[in-house]
Protein chains: 2
Amino acid sequence: MSTGAGTGTAAEDRVFAALANATRREVLRLLRERGPQPVQVLADHFDMRRPSLSEHLKVLREAGLVSEQRSGRQRIYRLEAAPLAEVQDWLHPYERFWRDRLKGLGDLLDRLPDDDRS
Amino acid sequence: MSTGAGTGTAAEDRVFAALANATRREVLRLLRERGPQPVQVLADHFDMRRPSLSEHLKVLREAGLVSEQRSGRQRIYRLEAAPLAEVQDWLHPYERFWRDRLKGLGDLLDRLPDDDRS
DNA sequence: TTGACTGGTAGGGAATCACCTACCTATTGT
DNA sequence: ACAATAGGTAGGTGATTCCCTACCAGTCAA
C-alpha cells in the first residue's frame, strides 16, 4: 500500500477514466512506440485542435500516466506506465475466469464465489 | 483476431468506457466474488435506485462484460470475463515499461521506440 | 526588443452520463 | 382474475466530457 496501488480509490478512478477515451489511449500508444515526444508532434496524429489535445494530456498527467519535461519552449511528454501496472493488478483476480472458461470448466466456477479462498 | 479482440475499435471502446465507472467495476467485483446474482441482490450493495443500476447493467451487457439468464421473473447476471482478457492484451505491450523501470533501466528504454522489435 | 513559436488556460456549447421518478411488461402465487 | 414481485423503459435534470475559438505566458532568434 505504499503507492496506494489497487486500493479502489480516487487514483484508480482517474486511471480508468483516463483510459476511457480513445484519443488518450492513442497518445499512450504513440509514446510507447515512438518514445517521448513534444506536444506538437503528438498533435499531428489527431484530427483535433491543439488545446483539446492539451486537455487530454492534462487528464493523462493527473492520472499519472504521462510526465512532462520542459526543454526550451517544448514540453516533452513521456509514458509513465506505473498506473497501468495497477490496472493489471485490478485485472488479476478476474484472470482465472477467462482462463478456466477456455478450459471448458468455466460454468462450474462461475456459479461459485471466490472470496472463500482469498 | 477471431473475435475482433484488441483491434482498437468500437468494442474496445465500449469495454474501457464500461470500466470507467466505479459502480460498474463494483458490480463486476460482486459477480466475481459472489457468483451470478439477480438484480435486486446486486442493488442492495449500492446507494442508488434500481433503474439506475439497470442502466449500468445494460452498459456492462453491451460491453460483453456480463450476461443475463432469465429464471422466472428474475434475471440472473453473470460475469463474462472475456473482454477483460482483451484489456490485458491491450496492457501487455506496456508491461516492459513498468518492469524495466523497476530494474532501474527505464530511462534508457523510455527514450527508445519499441516498434522496431514488434 | 520585437516577432515567431510552443503550449497552456479561459470560457462556451453540444453531447453524453448518471441519476431520478414514473410507468410498463412479465411472472408467480392466491 | 388479481395482487405482488422482478426488472426493464421513458423521459427529465444537473453534472461532466470533449470539442471549439480566443487569449496568455514563456522561450528563442533577429
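Proteins come first, then strands; the chains are lettered A, B, ... in the order of their sequence lines, and each starts at number 1.
Look at B:Q40 and you'll find a side-chain N or O under 4.0 angstrom from OP1 or OP2 of D:dA6.
For A:R61, whose side chain is taken as the heavy atoms from C-beta onward, the closest listed nucleotide among C:dG7, C:dG8, D:dA6 is C:dG8. Nearest to the side-chain atoms of A:S54 among the listed nucleotides C:dG8, D:dG7, C:dG7 stands C:dG8.
Residues satisfying the side chain to side chain contact (heavy atoms under 4.5 Å, CB included) test with A:S67, not counting sequence neighbours, are A:R78, A:E80. Partners of A:A20 according to the side chain to side chain contact (heavy atoms under 4.5 Å, CB included) rule, which considers only residues two or more places apart in sequence or in another chain, are B:A20. Scanning for salt bridge (Lys or Arg N to Asp or Glu O under 4.0 Å) contacts around A:E62 gives an empty result, with sequence neighbours left out. Legend: residues meeting salt bridge (Lys or Arg N to Asp or Glu O under 4.0 Å) with A:E95, ordered by chain and number and at least two apart, are A:R99. With sequence neighbours excluded, the residues forming a salt bridge (Lys or Arg N to Asp or Glu O under 4.0 Å) with A:E26 are A:R29, listed by chain and number. Residues forming a side chain to side chain contact (heavy atoms under 4.5 Å, CB included) with B:A85 (at least two apart in sequence, or on another chain): A:W98. In this structure A:R24 satisfies the salt bridge (Lys or Arg N to Asp or Glu O under 4.0 Å) test with no other residue, sequence neighbours excluded. Not counting sequence neighbours, B:S52 has no partner by the side chain to side chain donor-acceptor pair (under 3.5 Å) test.
The two residues B:L57 and B:L42 come nearest to each other via the heavy atoms CD2-CD1, 4.3 Å. Contact record, A:Q37 with A:L31: N-CD2, 4.0 Å, taken as the closest heavy-atom pair.
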For each nucleotide in nucleotides 17-24 of chain D, reading 5' to 3', give B when a protein heavy atom comes within less than 4.0 Å of its base, S when such contact involves only the sugar-phosphate, and - otherwise.
-> -SBBBB--

Given protein heavy atoms under 4.0 Å, the one-letter contact record of nucleotides 25-30 of chain C, with B base, S sugar-phosphate only and - none, is simply --BS--

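The distance between atom CZ of A:R75 and atom C1' of D:dT27, rounded to the nearest whole Å, is 11 Å. If you measure from atom CD of A:E62 to atom P of D:dT16, you get 14 Å, rounded to the nearest angstrom. The separation between B:E26 atom CD and C:dA18 atom P is 16 Å, rounded to whole Å. Computed from coordinates, the A:D44 CG to C:dG7 P distance equals 10 Å when rounded to whole Å. Between the CG atom of A:L57 and the C1' atom of C:dG7 there is a distance of 10 Å, given to the nearest Å. At whole-Å resolution of the value, CZ in A:R14 and C1' in D:dT16 are 16 Å apart. Straight-line distance from the NZ atom of B:K58 to the C1' atom of C:dC17: 13 Å, rounded to whole Å. In this structure, the CZ atom of A:R70 is 16 Å from the P atom of C:dT6, given to the nearest Å.
Looking at heavy atoms from C-beta onward, B:L19 lies in side-chain contact with B:L65 at the 4.5 angstrom threshold.
Residue pairs that meet the ring-ring contact (aromatic ring centres under 6.0 Å, His included) test with at least one member in residues 38-91 of chain B, sequence neighbours left out, are B:F16-B:W90, B:W90-B:Y94.
Counting non-hydrogen atoms under 4.0 angstrom, B:Y77 reaches the backbone sugars and phosphates but no base.
End-to-end axis angle of the helix from C:dT1-D:dA30 to C:dT30-D:dA1, from C1' rotation axes over five pairs per end: 20° (rounded to 10 degrees).
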